[in-house]
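Here is the structure we will look at, set down as structure tokens.
Nothing fancy with the numbering, it's 1 onward along the sequence. On a predicted model such as this, the values are computed, not experimentally measured, just so you know.
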Amino acid sequence: MERILTLEQGFALQEEHWLCLNDDLLHWRLRAEKAEALAENMKNTLSIKDAQIHRLRSQLNEVLSNDNIRGQ
């Protein structure tokens with residue numbers, strides 16, 4: 001009987017350890033998904049800003065070209 005109790009305690013400890021590891025895994029997985037979403041959002045924001053900068057540079061170059069034409 002004592003052996004059976006010892007085995008059951010061992011299994012219970014092993015199951016508790018397994019459950020704790022799965023909780024940790026879920027926690028890190030959720031953090032990783034949140035970080036990936038944030039990174040994607042930042043990437044999209046930077047792409048928009050890059051497009052805006054490119055458009056503004058084009059407009060500035062156009063204005064400078066027009067000023068040069070008028071100045072000649």
Side-chain angles (χ1 to χ4, degrees):
M1 189 67 162
E2 204 172 303
R3 254 177 97 185
I4 292 174
L5 287 175
T6 303
L7 285 173
E8 285 193 14
Q9 282 179 333
F11 285 131
L13 288 173
Q14 184 179 7
E15 185 174 2
E16 184 178 341
H17 182 67
W18 183 82
L19 290 171
C20 287
L21 288 175
N22 278 306
D23 282 347
D24 288 345
L25 177 63
L26 177 61
H27 171 77
W28 286 107
R29 184 175 181 172
L30 292 173
R31 284 187 70 177
E33 288 174 1
K34 188 176 180 179
E36 287 173 353
L38 180 60
E40 185 66 26
N41 188 13
M42 291 175 72
K43 178 182 164 189
N44 292 337
T45 300
L46 290 174
S47 294
I48 290 168
K49 289 185 188 258
D50 284 345
Q52 290 171 337
I53 288 170
H54 181 69
R55 190 182 77 247
L56 289 172
R57 280 185 180 154
S58 295
Q59 290 172 349
L60 178 60
N61 287 334
E62 185 178 325
V63 167
L64 292 174
S65 294
N66 289 340
D67 283 350
N68 284 339
I69 291 171
R70 288 184 199 137
Q72 289 179 355

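- Here Leu19 sits in one hydrophobic cluster together with Trp18; the rule is ILVMFWY side chains under 4.5 Å apart, joined directly or through other members.
- Here Leu26 sits in one hydrophobic cluster together with Leu30; the rule is ILVMFWY side chains under 4.5 Å apart, joined directly or through other members.
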Only distances under 3.5 Å count here; give the side-chain donor-acceptor pairs of residues 38-49 to other protein atoms, sequence neighbours excluded, each with its distance to 0.1 Å.
{"unit_1": "Asn44", "atom_1": "ND2", "unit_2": "Glu40", "atom_2": "O", "d": "3.4"}
{"unit_1": "Thr45", "atom_1": "OG1", "unit_2": "Asn41", "atom_2": "O", "d": "2.9"}
{"unit_1": "Ser47", "atom_1": "OG", "unit_2": "Lys43", "atom_2": "O", "d": "3.0"}

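- Taking the salt bridge (Lys or Arg N to Asp or Glu O under 4.0 Å) definition, one finds that Glu8 meets it with nothing, sequence neighbours left out.
- Other residues, nucleotides and ligands contribute over 12 non-hydrogen atoms within 6.0 Å of the CD atom of Gln52.
- Listed by first and then second residue, the salt bridge (Lys or Arg N to Asp or Glu O under 4.0 Å) pairs involving residues 13-38 are Arg29-Glu33 (not counting sequence neighbours).
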Sequence neighbours left out, cut at 3.5 Å: what donor-acceptor pairs do the side chains of residues 53-62 make with other protein atoms?
{"unit_1": "Ser58", "atom_1": "OG", "unit_2": "His54", "atom_2": "O", "d": "3.1"}
{"unit_1": "Asn61", "atom_1": "ND2", "unit_2": "Arg57", "atom_2": "O", "d": "3.3"}

